[in-house]
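Bear in mind the structure is a predicted one, so any value in this text is a computation, not a measurement. Remember, it's 1-based here, ligands and their atoms both numbered in the order they're listed.
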Amino acid sequence: MSLAGKVVIVTGASSGIGATTAEAFAKEGSKVVLVGRNEANLMATEAACNAANSEAELLLITADVTVDAERIIDTTIERFGQLDVLVNNAGIFEVGNLLDIDVAQFDRIFNTNVRSVFLLTKFAAPHLIATQGSIVNVSSIAGLRSLASKSVYCTSKAALDQFTRCCALDLAPKNVRVNSVNPGVIVTDIHRRLGLSPEELDDYYELAKDKHPLGRVGEPKEVADAIIFFASDSSSFITGATLPIDGGMHC
Ligand code: NAP
């Protein structure tokens, strides 16, 4: 599918990977629906999309994916009349040893990283079938590999990967493809949101370099490029894939 004129929802478009992905779709000439909770940050992404393509058609939806899934899809259809690509990118990252964390962390992470994706996918599916569209989920290397002190996050992304594969099977007869990108450490606000100081953040990224065989951490554009690939005709015979974008970390 050429992406020009296609209607694309990007959740979590107010920051990091989602913001860069929204910009990439705008550059391709897609009509981009920017979803996030932070309105000021969404407007910053809107400005970046306009800078990438002055004729970009954009729709901003200030929403919480854990409660507004149906409204996000309905508002998109009301405005553009169709949906071609759903990028389930919004997600949260929290850490903690099993002995220290409580069930509230489990509920927060699963509500955002899994339950909201289920709801958005469910509400979007009939529209994607109508356009023969596709879904790209933003998972993590944490879905494919096990990490200490990240049991809930890892489990949420493993669940998301299994959801990607099962949805790929359910929707394949309707010619809707479902794939996932699984990033390693990518420089975004997600690590700052853990409450790390600037110095701790520098140390985190420095240490992370060694865990990626390519010897560095990744940039949001390197994930956005793969999302564009999965949304386009270039991947027309690929569905149910979970693609590590991790400098070889999964090896
Ligand atoms: P980020 O900069 O913190 O961005 C996260 C985005 O998700 C923000 O736009 C945020 O919106 C949105 N979001 C979170 N909860 C939401 C909710 N309830 N409703 C609506 N939007 C919500 O992080 P990022 O690194 O770009 O993360 C994007 C995705 O990549 C996540 O799924 C994450 O798990 C995955 N990932 C990231 C890395 C990494 O190293 N960065 C690695 C592997 C996977 P608001 O700020 O507006 O609330």
Looking only at protein heavy atoms, identify the closest one to [atom] and say how far it is in Å.
{"atom": "atom 1 (P) of ligand 1", "result": "Ser15 OG, 3.5 Å"}
{"atom": "atom 46 (O) of ligand 1", "result": "Arg193 NH2, 3.1 Å"}
{"atom": "atom 30 (O) of ligand 1", "result": "Val138 CG1, 3.3 Å"}
{"atom": "atom 37 (C) of ligand 1", "result": "Ile17 CD1, 3.9 Å"}
{"atom": "atom 31 (C) of ligand 1", "result": "Asn89 O, 3.2 Å"}
{"atom": "atom 21 (N) of ligand 1", "result": "Ala90 CB, 3.8 Å"}
{"atom": "atom 14 (C) of ligand 1", "result": "Arg37 NH2, 3.4 Å"}
{"atom": "atom 12 (C) of ligand 1", "result": "Gly12 CA, 3.6 Å"}

How far apart are the closest heavy atoms of [X] and [Y], and which atoms are they?
{"X": "Cys49", "Y": "Leu58", "answer": "CB-CD1, 3.7 Å"}
{"X": "Pro183", "Y": "Asp246", "answer": "C-CB, 4.4 Å"}
{"X": "Ser234", "Y": "Phe229", "answer": "O-CE1, 3.5 Å"}

With ring pair (Phe, Tyr, Trp, His ring centres under 6.0 Å) as the rule and sequence neighbours excluded, what pairs involving residues 155-178 come up? none
Ligand 1 versus [X]: contacting region, heavy-atom distance under 4.0 Å:
{"X": "Ala63", "answer": "backbone"}
{"X": "Ile186", "answer": "both"}
{"X": "Ser139", "answer": "backbone"}
{"X": "Phe93", "answer": "neither"}

When you look at Thr76 and Asp74, which way does the side-chain hydrogen bond (donor to acceptor under 3.5 Å, both in side chains) test go after all the steps? CA-CA 5 Å; Thr76 300; Asp74 287 352; over 6 Å; no
Would you say [X] touches ligand 1, if touching means a heavy atom closer than 4.0 Å?
{"X": "Arg192", "result": "no"}
{"X": "Asp64", "result": "yes"}
{"X": "Gly184", "result": "yes"}

Taking distance alone, with no angle check, do [X] and ligand 1 share an N/O pair under 3.5 Å?
{"X": "Thr66", "answer": "no"}
{"X": "Gly18", "answer": "no"}
{"X": "Thr112", "answer": "no"}
{"X": "Val185", "answer": "no"}
{"X": "Asn113", "answer": "no"}
{"X": "Val65", "answer": "yes"}
{"X": "Ser140", "answer": "no"}
{"X": "Asn41", "answer": "no"}

Which of the listed options, Ser14, Ala40, Gly218, holds the heavy atom that is closest to atom 8 (C) of ligand 1? Ser14
If you measure from atom 5 (C) of ligand 1 to every heavy atom of Gly143, Pro220, Gly91, Ser156, which option wins on shortest distance? Gly91
Test item: [X] and [Y] side chains (from C-beta on) under 4.5 Å apart, heavy atoms:
{"X": "Val8", "Y": "Lys31", "result": "no"}
{"X": "His250", "Y": "Arg145", "result": "yes"}
{"X": "Arg71", "Y": "Ile61", "result": "yes"}

Which of the numbered atoms in ligand 1 are under 4.0 angstrom from any heavy atom belonging to [X]?
{"X": "Gly36", "result": "47 (O)"}
{"X": "His191", "result": "39 (C), 40 (O), 41 (N)"}
{"X": "Gly16", "result": "2 (O), 26 (O)"}

So does [X] have more than 12 non-hydrogen atoms from other groups sitting under 6.0 Å from [atom1]?
{"X": "Arg115", "atom1": "CZ", "answer": "no"}
{"X": "Phe118", "atom1": "CZ", "answer": "no"}
{"X": "Glu200", "atom1": "CD", "answer": "yes"}

Look at [X] together with [Y] and state whether they make a salt bridge at an N to O cut-off of under 4.0 Å.
{"X": "Asp225", "Y": "Lys221", "answer": "yes"}
{"X": "Glu206", "Y": "Arg216", "answer": "no"}
{"X": "Asp189", "Y": "Arg192", "answer": "yes"}

Val87 and its side chain to side chain contact (heavy atoms under 4.5 Å, CB included) partner, picked from Val138, Val32, Ile9, Ile135: Val138
Please enumerate all residues that pass salt bridge (charged side-chain N to carboxylate O under 4.0 Å, His left out) together with Glu55, with sequence neighbours excluded.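 Testing Glu55 for salt bridge (charged side-chain N to carboxylate O under 4.0 Å, His left out), a comparison that skips the adjacent residues, returns none.
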